[in-house]
Amino acid sequence: MPQPPLFGSVDDVTERLAGVGYLASTAAATTVYLADRLGKPLLVEGPAGVGKTELAKAVAACTGSGLVRLQCYEGIDEARALYEWNHAKQLLRITAGQGRESWDETRDDVFSEEFLLPRPLLTAIRRSEPTVLLVDEMDKADVEVEGLLLEVLSDFQVTVPEMGTIAAKRRPFVLLTSNSTRELSEALKRRCLFLHLDFPDAELERRIVLSRVPELPEKLADSLVRTVRVLRGLELRKAPSVAETIDWARTLLALGLDTLDDDAARATLGVVLKHHSDAQKAAAELRLN
Amino acid sequence: MASPPPHGLPGHLVDFVGALRRHQVPVGPGETVDAAAVLGALNLLHREQLREGLAAALLRRSGQRAVFDTLFDLYFPIALGRGRSEVEVPWTPDGEVDLDALRDILADLLRDGDDAALRELARAVVDALGQAGGSGQGGNGPGQQGQGPRNWSAYQVLRQLSPETLLARILSDLLAGTSEKDQAFAEEVARREIRQRIADFRKMITDEVRRRTAETRGRDQVAKTAVPKQAEQVEFLSAYADQLAQLRRTVHPLARRLASRLAVRRKHAKRGQMDLRRTLRRSMSTGGVPMRPAYRTRRPGRPELVVFCDVSGSVAGFSHFTLLLVQALREQFSKVRVFAFVERADEVTHLFAPGNDLASVMTRVLREAELVTFDGHSDYGGSLASLVEHWPDAVGPRSSLLILGDARTNYRDPNLAVLRRLIGQARHSHWLNPEPRKQWGSGDSAALRYADLLPMHECRTVAQLADVVESLLPV
């Protein structure tokens, strides 16, 4: 069903996302624009803490859409993702109508709208307002859940056997995030556009830190970003991401430090590097001992 | 000057997709149609947006991006011929390139970290200096005429520019104004940053030379040699140091993927014996009729692992990677013991304890363990003998023995009897060989003779190693 696109151009995307506080790279802005124009879902992969979930929230905020979130976990099934029948209410209805109604009337009534508990996927399909559907941590769910998603993502319709097919009146903007702990199935990946959200470049990261921690002096932000980029170049078990840079900035401000010298770095390295072996290696290579 | 492709932009896109397929990036026809829709939706003049849009439609995995970028630069080049640039190369009055002034400009740009200007400088420099067969003969300097097709050389440009020698100067410039001059930490950070910028500049020069070569020689020729391999297809024995470092970064994600694949296999495996007590308990809710059987949970087997690995020469990179993988999967094993050898064996389990830094563990192994007795060439027979002599009870009836090496024993005695005894003591034994199967048995390799005693698996690339490890882990 043709519907007016949410964004006018790639620059429009960048501006509106910046308006709600999310500074997007060229890659992110271009793929969001294309996902909207082509009507395809967007699969976002990348290291932890670079802003994958934040992107969905920012898109919802800047377009005035409602955000419907499906948080995946190991063992999630159709009842939690798609829809479920309210069995208790159905049993009550049946016992209430015993003796007074024929089975045909009861059966038609029991499998109706009133007894259907919609879960996030069905909710997103049925809404007529602009919607953003976020399927978070898709890789934690099993392969069976991906099969459920295939019908939803390609045709934007859900089939409830007792009630028929429910098609979306308004196509939601779908965003899937993944931490790459598992290879997603080919059928799912083929239906989506792919965005690998990597660590931002120096200029963008500086702007992000300054927008999140406004009281930070520019010179300190600059040396923070440069140091974090050098840390990412070391072979560490877990490279620090944008969330850690922001935490480091907040820590330094809270401690009242305004330059990143040897002592400050030595004292606060634990904020950025969460593994002991990483902290030791960084201290040795950057000559902090 | 290349003529426009016969079928216009769609034909050019199909050629691009064909090149991607030839470099092992699987792109289906559906994705090509999506890419065409992307071309229709975007403004073609914004090159970076075009790059990201095509990557979004054609790629499905993060490891393929390096291949995509190189081919994109060949098929959608940034300029034709020399192109326009804001930065000009300085010339001396005799018509030669003024190298000192040029190095000054380069030092300033590296200090400021201005990527766009560095790229333009790279273009101008390659045009002026990059033609094989003499410096300062090309370009639009005074006294030059246009000539026929030329050969371009990155080595020549970089030899004359020598950006590494500018490091000390830029470093002192950067730290001069600040009070951090005496602080080791700030200096170290600045030094690494500038080294990274110099490496990036060298890559810009190489990319620019590749672009000019593609114009004269044709892009298929360049694509055959210049496109980097995906990380999973890099062969261990022929990898450079930085390729190996990049591979080591992928160990933890690989271990996580193997662990989750193993969990899926365990879930789908045979369910085991029925647990009668729990079944009857469950049947209480259905009036005494058992409707949902309960099974005894199977506890997954966790073997004791004894790893015996060759750390000489080129096999060291393979051993290092596999040991990192074993370390990352250590929850799957109840006990791991590691023995390294060159001419004789030594136990190095303590170097692989969880808290240690594993990226440089190989240098520690070679330094601290006693592995060399005579001349430093591998001796499989002698190492096996020393293992059995000093640690006779290391391989027990509950152990799985894993041998990593290429079986090249320099024509020494392969000592099959000792290996046969070890295999008899262990519960399972496997040999992982990084050489291609058709080279087993050639020259001084005793691989075929060892392969008669225990299963030997070929593990040339990370992809093969991951498959072998997954099939060996017990469900």
Side-chain angles (χ1 to χ4, degrees), chain A residues 9-10 25-31 33-35 37-38 40 42-43 45-46 74 139 142-143 179-184 186 189-196 198 201-202 223 226-227 229-230 233-239 259-262 265-266 275-278 280-281 284-288, chain B residues 26 28 30-31 34 37-38 40-43 46 48-53 55-65 113 115 178-180 183-193 195-196 245-246 248-249 251-253 256-257 259-261 263-264 267 328 354-360:
Chain A
S9 70
V10 181
S25 57
T26 316
T30 313
T31 36
Y33 172 72
L34 286 171
R37 277 299 286 270
L38 301 180
K40 289 184 81 102
L42 182 58
L43 171 63
E45 270 189 10
E74 192 180 333
D139 52 325
D142 302 323
V143 188
N179 276 323
S180 325
T181 54
R182 163 176 87 81
E183 280 284 327
L184 297 175
E186 286 300 316
K189 288 206 265 196
R190 230 181 299 128
R191 279 172 176 66
C192 308
L193 292 177
F194 181 78
L195 170 64
H196 181 76
D198 211 349
D201 58 9
S223 49
R226 283 170 53 216
T227 314
R229 288 178 69 79
V230 165
L234 302 174
E235 260 185 70
L236 297 174
R237 236 181 101 180
K238 182 180 182 314
T259 52
L260 190 63
D261 52 2
D262 273 18
R266 213 176 290 129
H275 292 279
H276 185 57
S277 56
D278 284 347
Q280 279 182 330
K281 179 166 190 193
E285 299 226 7
L286 298 182
R287 301 202 274 152
L288 275 178
Chain B
E31 280 127 31
D34 289 338
V38 164
L42 285 180
N43 181 350
H46 281 126
E48 283 315 304
Q49 289 177 10
L50 183 64
R51 182 199 294 266
E52 299 299 338
L58 295 172
L59 299 182
R60 288 290 170 267
R61 217 178 278 157
S62 30
Q64 300 163 340
R65 189 57 195 251
D115 271 345
T178 66
S179 61
E180 312 156 278
Q183 304 224 10
F185 167 68
E187 186 192 327
E188 187 64 34
V189 167
R191 172 173 314 159
R192 280 170 186 259
E193 201 184 351
R195 231 187 262 150
Q196 182 63 37
Q246 196 189 354
R248 288 198 289 271
R249 278 174 221 257
V251 165
H252 279 285
R256 272 206 307 263
R257 279 205 295 275
S260 46
R261 285 217 287 256
V264 169
K267 210 161 59 129
N356 289 359
D357 162 36
L358 295 178
S360 52

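In what follows, every heavy atom counts, from backbone to side chain, and hydrogens, waters and symmetry copies are set aside. Proteins get letters first, then strands, A, B, ... in listed order; numbering begins at 1 in each. The shown structure was predicted, so the numbers you read here are calculated from the model rather than taken from an experiment.
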Go through it in stages, so that I can follow the logic: the residues are B:Arg61 and A:Glu183, the test is salt bridge (Lys or Arg N to Asp or Glu O under 4.0 Å), and I'd like the CA-CA distance, side-chain angles, deciding distance and then a yes or no.
CA-CA 9 Å; B:Arg61 217 178 278 157; A:Glu183 280 284 327; 3.8 Å; yes

For the [atom1] atom of [X] and the [atom2] atom of [Y], what is their distance to the nearest 0.5 Å?
X: A:Leu236; Y: B:His252; atom1: CG; atom2: NE2; value: 10.5 Å
X: A:Arg226; Y: B:Gln196; atom1: CZ; atom2: CD; value: 13.5 Å
X: A:Leu234; Y: B:Arg192; atom1: CG; atom2: CZ; value: 5.0 Å
X: A:Arg229; Y: B:Glu193; atom1: CZ; atom2: CD; value: 8.0 Å
X: B:Glu188; Y: A:Thr227; atom1: CD; atom2: OG1; value: 11.5 Å
X: A:Leu286; Y: B:Glu187; atom1: CG; atom2: CD; value: 12.0 Å

So which residue, [options], ends up with the most heavy-atom pairs under 4.5 Å with chain B?
options: A:His276, A:Arg182, A:Glu74; result: A:Arg182
options: A:Thr259, A:Leu42, A:Val230; result: A:Val230
options: A:Leu184, A:Leu193, A:Thr181; result: A:Thr181
options: A:Thr31, A:Asp139, A:Leu34; result: A:Leu34

Identify which part of [X] has an atom lying under 4.5 Å from any heavy atom of chain B, answering side chain, backbone, both or neither.
X: A:Ser277; value: both
X: A:Lys281; value: side chain
X: A:Lys238; value: neither
X: A:Leu43; value: neither
X: A:Asp198; value: neither

Hey, does the side chain of B:Ser62 reach the backbone of A:Glu45 with a donor-acceptor pair shorter than 3.5 angstrom?
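Absent.
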
Test your reading of the model: is there a side-chain donor-acceptor pair from A:Arg37 to the backbone of B:Ala41, 3.5 Å cut-off?
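Absent.
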
Mark yes when over 12 heavy atoms from residues, nucleotides or ligands other than A:Glu285 sit less than 6.0 Å from its CD; otherwise mark no.
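Result for CD/A:Glu285: enclosed.
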
Would you say NE2 of A:His275 has more than 12 non-hydrogen atoms from neighbouring residues, nucleotides or ligands within 6.0 angstrom?
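Correct, the count exceeds 12.
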
Is B:Arg249 close to chain A through its backbone or its side chain, or both, or neither, when contacts mean heavy atoms under 4.5 Å?
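The side chain, not the backbone.
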
Which bit of B:Ala259 comes within less than 4.5 Å of chain A, counting heavy atoms only: side chain, backbone, both or neither?
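Contact with chain A: none, neither part.
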
Picking from B:Gln49, B:Arg256, B:Glu48, B:Arg248, which has the most non-hydrogen pairs under 4.5 angstrom with chain A?
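Top count of heavy-atom pairs under 4.5 Å with chain A: B:Gln49.
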
Return the option, out of B:Pro253, B:Ala245, B:Ala263, B:Pro26, with the maximum number of heavy-atom pairs under 4.5 Å with chain A.
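That would be B:Ala245.
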
Considering all heavy atoms of both residues, which atom of [X] and which atom of [Y] are nearest to each other, and what is their separation?
X: B:Ala37; Y: A:Leu38; value: CB-CD2, 3.6 Å
X: B:Ala184; Y: A:Asp262; value: N-OD2, 4.1 Å
X: B:Phe185; Y: A:Leu260; value: CE2-O, 4.2 Å
X: A:Arg190; Y: B:Asp34; value: O-OD2, 4.5 Å
X: A:Thr30; Y: B:Gly53; value: CG2-N, 4.0 Å

